[in-house]
S.K.: 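Let me give you the structure first, and then I'll get to my questions.
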Amino acid sequence: MDIYEELEKRGLVAQVTDKEEIKQLINGGGARFYIGFDPTADSLHVGHFMALCLMKRLQMAGNKPVVLLGGGTGYIGDPTGRTDMRSMLTPETIQKNCECFKKQMERFIEFGEDKALIVNNADWLLDLNYIDLLREVGACFTVNNMLRAECYKQRMEKGLSFLEFNYMIMQAYDFWHLSEKYGCNMQFGGDDQWSNMLAGTELIRKKSGKDAYAMTITLLLNSEGKKMGKTAKGAVWLDENKTSAYDFYQYWRNVDDADVMKCIKMLTFIPIDEIEQMEGWADNRINEKKEILAFELTKLVHGEEKAQKAQAMAKAAFGGGGELPEKHVNVEFKTIIPVLVAAGICSSNGEARRLIQQGGVSIGEEKVTDINAPVKSGDVIHKGKKVHIKIVIE
RNA sequence: GGGCGGAUUGCAGAGUGGCCAAAUGCAUCAGACUGUAAAUCUGACGUCUCCGACUUCGGUGGUUCGAAUCCACCUCCUCCCA
């Protein structure tokens, strides 16, 4: 099976500029494509992960990826899909974030001579001269067209700053620059980037008369239509210090029934015919599918060893036996309330108290009824049915 | 630059002198039912030394026995006119 067909079967293809041309290009390994990453945080998250997977898939098919770090566009902030303005990042933060991104990416993509490139648009955007840019690029766009772009619609009601309005121009400029300098002929991105990407292909056509292509990837939405990879505590990060391997595993272990197959298709590298087989499995094997999903993804992100460990801990926590996730705490009073707070299970004493009063906490097999119940090192605390932690008091 | 309106507890959004820790919806957490799923029902959802007390309604002052609510100034934002 060729790569394009595989992408389609996995449900990754959302919009393309020219299906036949693109098919030929990527199937033949002739694409030099880029994907942009905005350094808005110090770690990549699940949303980026899909883009990385896509890069890897295309790289395996012989295409050459270019990772574009938005060190320059980070100064502007993409207004797409936002209802308010993004807080402006300081140059130091952007710099730091870029470095974090780079490190994490190196685990997925092979960089190097004639392989994949990593570039930072700060290198060319920061030196641009305003007047030159207006003459060269500004002339190629009409405001009328830009305003029609879907990504600005929402913001037309709330207010869109001129700064953010220029994001599209910058992204188009990037594409053009990469096309000139590295022979980049294609751009991939999330489906919400479509209008920005089209601006790029158009600019290239106008400036150099060359054809360039764009393809968007389906956004990973859950059955409720919300972006996946968000939890109450925030995004699901790829950095282990921000989201532990165990929590990462649990996130996928707990996805809705309706979303399991979609996630397996879009995110894992399990061959498509195996996936098709899994689709035929009986309903009662749904949990098996979730385990596969969780394990495969944890393996990709954190490595096989940690994935195994996470899986073992999950099985211990929910099935019994084996090693449980541990939490080290340092408390003055060794009773249940301060321990719950110190372990980060509850955010305040009041919350802990309420939880106990509602019967949501147990130590070992015993349900806690006394808000002053003692806790000793090595006790296993359960909160609800999903949080099981072994407490180690230091 | 001129005019109007606005800023409320995670979000949305009521409240316009005491009955307000502040309606309602969403999100979240727990209990019941389950499959570490969904749906449904129940409860909780500012903080604390929790039958009580304390701190919150953009900021700073003021009026008042009493202010999220009234006044003044400041900051930010929407909209209308330029």
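Sequence lines set the chain letters: A, B, ... in the order given, protein chains first and strands last, and positions in each chain run from 1. Because only heavy atoms are used, hydrogens play no part in the values below, and waters and symmetry mates are left out as well, while side chains stay in.
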S.K.: Grab the CD1-C1' distance between A/I337 and B/U47 for me, whole Å please.
M.R.: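 From A/I337 CD1 to B/U47 C1': 14 Å.
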S.K.: Could you tell me the Watson-Crick or G-U partner of B/A23, where both distances fall under 3.5 Å? Say none if there is no partner.
M.R.: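 With both distances under 3.5 Å required, B/A23 matches none.
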S.K.: According to the salt bridge (charged side-chain N to carboxylate O under 4.0 Å, His left out) rule, which pairs have a member within residues 239-251 of chain A, sequence neighbours left out?
M.R.: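 Sorted pair list: A/D42-A/K242, A/E240-A/K306.
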S.K.: If you find the nucleotide of RNA chain B closest to A/K315 and the one closest to A/N349, which residue's nucleotide is nearer the 5' end?
M.R.: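 The 5'-side residue here is A/K315.
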S.K.: Which base sits across from B/C76 as a Watson-Crick or G-U pair, both distances under 3.5 Å?
M.R.: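 Because both required distances fall under 3.5 Å, B/C76 counts as paired with B/G6.
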S.K.: Please work out if A/R354 contacts a base, only the sugar-phosphate, or nothing of the nucleic acid, heavy-atom cut-off 4.0 Å.
M.R.: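 The residue A/R354 makes sugar-phosphate contact but no base contact.
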S.K.: Could you identify which residues cluster with A/I345, counting Ile, Leu, Val, Met, Phe, Trp and Tyr as linked when any side-chain heavy atoms lie under 4.5 Å apart, either directly or through a chain of such contacts?
M.R.: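 The other cluster members (ILVMFWY side chains, heavy atoms under 4.5 Å, direct or chained) are A/V329, A/V331, A/I336, A/I337, A/V339, A/L340, A/L355, A/I356, A/V361, A/I363, A/V368, A/I371, A/V375, A/I381, A/V387, A/I389, A/I391, A/I393.
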S.K.: Check the distance between B/A37's P and A/D257's CG and give it to me in whole angstrom.
M.R.: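 So the CG-P distance, A/D257 to B/A37, works out to 9 Å.
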S.K.: Measuring only the P atom in each nucleotide, how far is B/U8 from B/G3? A whole number of Å is fine.
M.R.: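 Going atom to atom, P in each nucleotide, I get 25 Å.
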S.K.: Please check if the side chain of A/D191 supplies one atom and the backbone of A/I217 the other of a donor-acceptor pair under 3.5 Å.
M.R.: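 Between the backbone of A/I217 and the side chain of A/D191 there is no qualifying donor-acceptor contact (under 3.5 Å).
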S.K.: Rounding to a whole Å, what distance do you find between A/Q357:CD and B/G31:P?
M.R.: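 These atoms are roughly 14 Å apart.
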S.K.: P atom, B/U49 versus B/U60: distance in rounded Å?
M.R.: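 Comparing P positions in B/U49 and B/U60 gives a spacing of 27 Å.
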S.K.: Measuring only the C1' atom in each nucleotide, how far is B/U40 from B/C54? A whole number of Å is fine.
M.R.: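 Between the two C1' atoms, the distance is 39 Å.
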S.K.: side-chain contact (heavy atoms from CB on, under 4.5 Å) for A/K207 and A/E136? Distances and angles first, verdict last.
M.R.: CA-CA 9 Å; A/K207 297 301 291 184; A/E136 261 199 273; 4.1 Å; yes
S.K.: Output yes when at least one side-chain N/O atom of A/K386 is less than 4.0 Å from OP1 or OP2 of B/A37, else no.
M.R.: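 Affirmative; the distance criterion is met.
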S.K.: Which whole-number value in Å describes the distance from A/D370 CG to B/C50 P?
M.R.: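 Taking atom P of B/C50 as the reference, CG of A/D370 is at 13 Å.
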S.K.: If only side-chain N and O atoms of A/S348 are considered, is one of them under 4.0 Å from the OP1 or OP2 phosphate oxygen of B/G46?
M.R.: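 Answer no for this pair, as no side-chain N or O of A/S348 is under 4.0 Å from OP1 or OP2.
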S.K.: Rounding to an integer number of angstrom, what distance separates B/C20 and B/G66 when you compare their C1' atoms?
M.R.: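 Those two atoms are separated by 13 Å.
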S.K.: Quick check: does any side chain N or O of A/Q187 sit under 3.5 Å from a backbone N or O of A/G200, one acting as donor and the other as acceptor?
M.R.: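 Not a single qualifying donor-acceptor pair exists.
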S.K.: Across all strands shown, which nucleotide pairs with B/G35 by Watson-Crick or G-U wobble geometry, both distances under 3.5 Å?
M.R.: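 Result: none.
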S.K.: Can you check whether A/K385 has a side-chain N or O nearer than 4.0 Å to OP1 or OP2 of B/A32?
M.R.: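 No, no such contact exists.
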S.K.: Now, which nucleotide makes the Watson-Crick or G-U wobble pair with B/A67, with each of the two distances under 3.5 Å?
M.R.: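 Matched B/A67 with nothing under the 3.5 Å cut-off.
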S.K.: With a 3.5 Å cut-off and no angle check, do the side chains of A/Q24 and A/E20 form a donor-acceptor pair?
M.R.: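 Per modelled atom types, A/Q24 and A/E20 side chains form no pair under 3.5 Å.
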S.K.: If the C1' atom of B/A67 is compared with that of B/U16, how far apart are they to the nearest Å?
M.R.: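 Per the computed distance, 11 Å lies between those C1' atoms.
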S.K.: Taking atom types as modelled, find out whether A/S43 and A/Q104 have a side-chain donor-acceptor pair closer than 3.5 angstrom.
M.R.: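 Their side chains do contain a donor-acceptor pair, which is all the 3.5 Å distance test asks for.
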S.K.: Decide yes or no on salt bridge (Lys or Arg N to Asp or Glu O under 4.0 Å) for A/R135 and A/D132, but give the supporting numbers first.
M.R.: CA-CA 5 Å; A/R135 288 173 60 101; A/D132 289 346; 5.7 Å; no
S.K.: May I ask you to say what A/G350 touches in the nucleic acid, namely base, sugar-phosphate or nothing, with a heavy-atom cut-off under 4.0 Å?
M.R.: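 Since a base atom lies under 4.0 Å of A/G350, the category is base.
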S.K.: If you look at every strand shown and take non-hydrogen atoms under 4.0 Å, does A/A314 touch a base, only sugar-phosphate, or nothing?
M.R.: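 The residue A/A314 makes base contact.
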S.K.: When the distance from NZ of A/K262 to C1' of B/A38 is rounded to whole Å, what number comes out?
M.R.: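 To the nearest whole Å, that distance equals 14 Å.
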S.K.: Just how far, in rounded Å, is C1' of B/G43 from CD of A/E351?
M.R.: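 One finds 15 Å between C1' of B/G43 and CD of A/E351, rounded.
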S.K.: Across all strands, who's sitting opposite B/A82 as a Watson-Crick or G-U wobble pair, both distances under 3.5 Å?
M.R.: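 When the pairing criteria are applied, nothing turns out to pair with B/A82, so the answer is none.
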S.K.: Between the base of B/G43 and the side chain of A/Q358, is one N or O donor paired with an acceptor at under 3.5 angstrom?
M.R.: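 By the distance-only test, yes, there is a pair.
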S.K.: State whether A/R353 places a side-chain N or O below 4.0 Å from either non-bridging phosphate oxygen (OP1 or OP2) of B/U49.
M.R.: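 Affirmative; the distance criterion is met.
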S.K.: Rounded to the nearest 0.5 Å, how far does NZ of A/K390 lie from OG of A/S377?
M.R.: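 Output value for this atom pair is 8.5 Å.
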S.K.: Could you check how far CD1 of A/I356 sits from P of B/A44, rounded to whole Å?
M.R.: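 Going from A/I356 (CD1) to B/A44 (P), I get 17 Å.
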S.K.: If you measure from the C1' atom in B/G18 to the same atom in B/A68, how many Å do you get, rounded?
M.R.: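 Here B/G18 and B/A68 have their C1' atoms 13 Å from each other.
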S.K.: Counting only heavy atoms and a strict 4.0 angstrom limit, can you tell me which residues of residues 274-298 of chain A come near RNA chain B?
M.R.: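 Those residues are A/I286, A/N287, A/K290.
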S.K.: Got a donor-acceptor contact below 3.5 angstrom from the A/R57 side chain to the A/F269 backbone?
M.R.: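 Between the backbone of A/F269 and the side chain of A/R57 there is no qualifying donor-acceptor contact (under 3.5 Å).
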S.K.: For B/U47, which nucleotide in any strand shown is its Watson-Crick or wobble partner with both distances under 3.5 Å?
M.R.: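 Pair assignment: B/U47 / B/A53.
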S.K.: What's the gap between B/A39 and B/A22 when it is taken at their P atoms, as a whole Å value?
M.R.: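 Per the computed distance, 29 Å lies between those P atoms.
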S.K.: Could you give the distance separating B/A27 and B/C71 at their C1' atoms, to the nearest angstrom?
M.R.: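 Per the computed distance, 38 Å lies between those C1' atoms.
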S.K.: Write down the distance between CG (A/L355) and P (B/C50), rounded to a whole number of angstrom.
M.R.: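 Distance, rounded to whole Å: 18 Å.
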S.K.: Quick one: on RNA chain B, does A/K383 or A/N254 contact a more 5' nucleotide (nearest heavy atom)?
M.R.: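 Its nearest nucleotide lies further toward 5', so the answer is A/K383.
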